[in-house]
There are 2 protein chains.
Amino acid sequence: MDTAPSRRSDPPHERPTVRTLARMAGVAVSTVSRALKNDPRISPDVRRRIAELAQRAGYMPNALARTLSGGRSGLIGFVLGSMHNPFYAEMLEQAVAQAAERGLRLLIVHVGPGPIEETTSNALLQYQVDGCLIASAELTSRAADICAARGVPVVMVNRVARRHGSSVSCDNTAGGREVAAFLLAGEHRRFAIVHGTVGVSTTDDRERGFCAGLAEAGLHLSQHLPGNSTYEGGYAAGCHIAQLGDAEQPDAVFALNDIMAMGVLDALRAAGARVPEEVSVIGFDNVPASGRPGYALTTLGQPLGLMVRRSLDLLTARIEDPALPEETVVLRGQLIVRRSARLPSTA
Amino acid sequence: MDTAPSRRSDPPHERPTVRTLARMAGVAVSTVSRALKNDPRISPDVRRRIAELAQRAGYMPNALARTLSGGRSGLIGFVLGSMHNPFYAEMLEQAVAQAAERGLRLLIVHVGPGPIEETTSNALLQYQVDGCLIASAELTSRAADICAARGVPVVMVNRVARRHGSSVSCDNTAGGREVAAFLLAGEHRRFAIVHGTVGVSTTDDRERGFCAGLAEAGLHLSQHLPGNSTYEGGYAAGCHIAQLGDAEQPDAVFALNDIMAMGVLDALRAAGARVPEEVSVIGFDNVPASGRPGYALTTLGQPLGLMVRRSLDLLTARIEDPALPEETVVLRGQLIVRRSARLPSTA
DNA sequence: AATATTAGTGCAAACGTACGCATGATGCGG
DNA sequence: CCGCATCATGCGTACGTTTGCACTAATATT
């Protein structure tokens, strides 16, 4: 009646559980459970004894069982855009590190371009994530809908919530406007925009701010090209620009994110255009690669680390108290001046 | 006695469980459970009725509870190197997509440079991962040790297992040798190597193969620089090379991975060196950015998609049958010839 | 017609943890 | 010396699912 018949093959290591420890210590499981979380009700020596025992046996609590019992999983679902955009790659690194600081783990649900599949989004719910971070530019409102319907807090990063969820983003409109102001000060007069994914608030706002800035100076866009938020898209746009006739040739190109800006730059240079003497290129994001001497991209930098921090703040707050209203945080970006755009004359 | 007193606040959505469905359908929970997985023992009409009910109620099985009962979590722990190296970024994207195809989710445990923290590696065990994929070049043997001690299958990707675990990698030695052969055929005579992280099998093997290739031709390395597996490290190495005297100046630089090679290239060009006329640069990995016109890097490409596939094959096989012996898979890389290295004379 | 088989379903235990409540053992004031 | 508060610990149940076994009723077999 005492012979626990170890269900399966024994070869590896039957993981010790609270029950195991309880048997070893000759106490009840509840005592072990409490002792391990330093419940003051358990006498100090029993606590110490059990702690040592746990240490020696290599006991690890089963987070999944704990969830079942306690309600919180400590898991955050993460939906991410294409890793070919270094902005998202770095966001991932930040998110993992900062989540770990708070004792949270990231369950990565989707990465890459393209919409999120049904089975994938279901995983979000099946694994009882406490909350969800959505940082894909693509049409992921579906994932947000699913979470919202189930009462899972959602925070959108770098993208304003269309329907549900809080969001954290850079002030894209102001950023676009600042880019416009900088280019106008540099006496540029003919402007092209290389657009990312249409219908996404992030890039739409950047364009809107930019155009508003131009409009205030009585100017407007002379070219508007698709860039698909990829390097290749940017390159294609750059090629197109390079072969425009003199009449249409812009003297400044605003690519709505850095990865496209790099493509534009490479294409223009490959076509023999001198940057920034003949044409200025300016991006958005300030990904690490923009700072490389080969690119030296002038760009509007997003405060990525802070954005991730605020996102987690919002998320944990709404996990604590689901009744909290949704919240929108907008952070100011900062223009990073490098050498891909002509500078304002130092008057 | 029948009034389920909905434990918490009701406002959001009390998620339906098998129990809920059972009550609604007027059957036992076991019937629901079986019906939902199309157990042929349940009569077709009951099955259909329950399926509809589940659909209507928006039922989602609790994967965590299932784990507790069934043993498998469907979770794979993932330890990853720095996302500043696009090689790892792309590996992540591949891994997520391919894992999803197999119904597995990635619990991302660590990303970035630096060793893995204790609390982090514990998460690996607490969340009952079925297996673990380790793709960090850093000193993560600790994570491997922990898993091995607990009987969690481990597969190392792009890195040969030192002690435990299976591994999948490119044939780095052969790759290094092939690079040497290519450069020798291009009549290069003075060779520099930019090394990554020392003590990591991956880069060590590349260097060994390269040197062996040189040795067969009676040649040897003339420079050996640290590159730290970062762009910045490569850039620094490139600067150093550029300012060497003529006597020491290499005519070929082999950077042990692409991210460093890009740094070397940018540094050499910034210093006015003509690539590949004066000096050839060759990398390893074939990350997407290497193909950009601005770099046009000749490199030894790793079959990344296949590496991830084999890794998951190995992992799932050992999850099925833990008694399986550890296995090492070595895949052949392929030289991608672009324009950063002088070509062999077309004799 | 009696029994063996099968289909369809329910019961209950198990997984590992947490926690409310009950219990036993002390200490102390009256 | 008894009753009462306090402390330390145990018991039992809950969380949501799976699964072995038992059970009933209908069908097939002899």
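Quick caveat: nothing in here was measured; it's all calculated off a predicted structure. Throughout, protein chains are lettered first and strands after them, A, B, ... in sequence-line order, and every chain is numbered starting at 1.
Both A:Pro40 and A:Ser30 sit near DNA chain D, but only A:Pro40 has its closest nucleotide nearer the 5' end. Between B:Arg47 and B:Ala65, the residue anchored closer to the 5' end of DNA chain C is B:Arg47, taking for each the nucleotide with the nearest heavy atom. Mapped onto DNA chain C by nearest heavy atom, B:Val27 and A:Val29 fall at different nucleotides, with B:Val27 at the one closer to the 5' end.
A:Arg19 places its CZ atom 14 Å from the C1' atom of D:dG10, with the value rounded to the nearest Å. Atom CZ of B:Arg72 and atom P of D:dT17 are 20 Å apart (whole Å). One can place CD1 of B:Ile42 at 12 Å from C1' of D:dT19, the figure rounded to the nearest angstrom. Regarding A:Ile50, its CD1 atom lies at a distance of 13 Å from the P atom of C:dA18, rounded to whole Å. Spacing between atom CD of A:Gln128 and atom P of D:dG16 amounts to 9 Å, rounded to whole angstrom units. The interatomic distance linking A:Leu64 (CG) with C:dC15 (C1') rounds to 11 Å, in whole Å. Spacing between atom NZ of B:Lys37 and atom C1' of C:dG8 amounts to 18 Å, rounded to whole angstrom units. For the pair B:Leu68 CG and D:dT19 P, the interatomic distance rounds to 13 Å; values are reported in whole Å.
To the nearest 0.5 Å, atoms CE (A:Met24) and CD1 (A:Ile50) are separated by 10.0 Å.
Across all strands shown, A:Arg41 has heavy atoms under 4.0 Å from base atoms, whether or not it also approaches the sugar-phosphate.
Listed candidates were C:dG16, D:dG16, C:dC11. Nearest to the side chain of B:Ala28 is C:dC11. Of the listed nucleotides (C:dC15, C:dT17, D:dT17), C:dT17 has the atom at the smallest distance from the side chain of A:Asn62. Side-chain atoms of B:Ser43 lie closest to C:dT9 of the nucleotides C:dT9, D:dG16, C:dA12.
In plain terms, the two heavy atoms of B:Val111 and B:Gly81 that are nearest each other are CG1-O, 3.9 Å. Contact record, A:Val154 with A:Ala144: CG2-O, 4.3 Å, taken as the closest heavy-atom pair.
Between B:Thr31 and C:dG10, a side-chain N or O to OP1/OP2 separation shorter than 4.0 Å is present. Residue B:Ser33 places none of its side-chain N or O atoms closer than 4.0 Å to OP1 or OP2 of D:dT17. Side-chain nitrogen and oxygen atoms of A:Tyr59 include at least one within less than 4.0 Å of the OP1 or OP2 phosphate oxygen of C:dT17.
Using a 4.0 Å cut-off between charged side-chain N and carboxylate O, B:Arg310 and B:Asp313 make a salt bridge.
In this model, a side-chain donor or acceptor of B:Ser69 finds a partner on the base of D:dT17 within 3.5 Å. In terms of polar N and O atoms assigned as donor or acceptor, the side chain of B:Arg34 comes within less than 3.5 Å of the base of D:dG20 in a complementary pairing.
Residues B:Leu92 and B:Met83 have side chains in contact (heavy-atom distance under 4.5 Å, counting atoms from C-beta outward).
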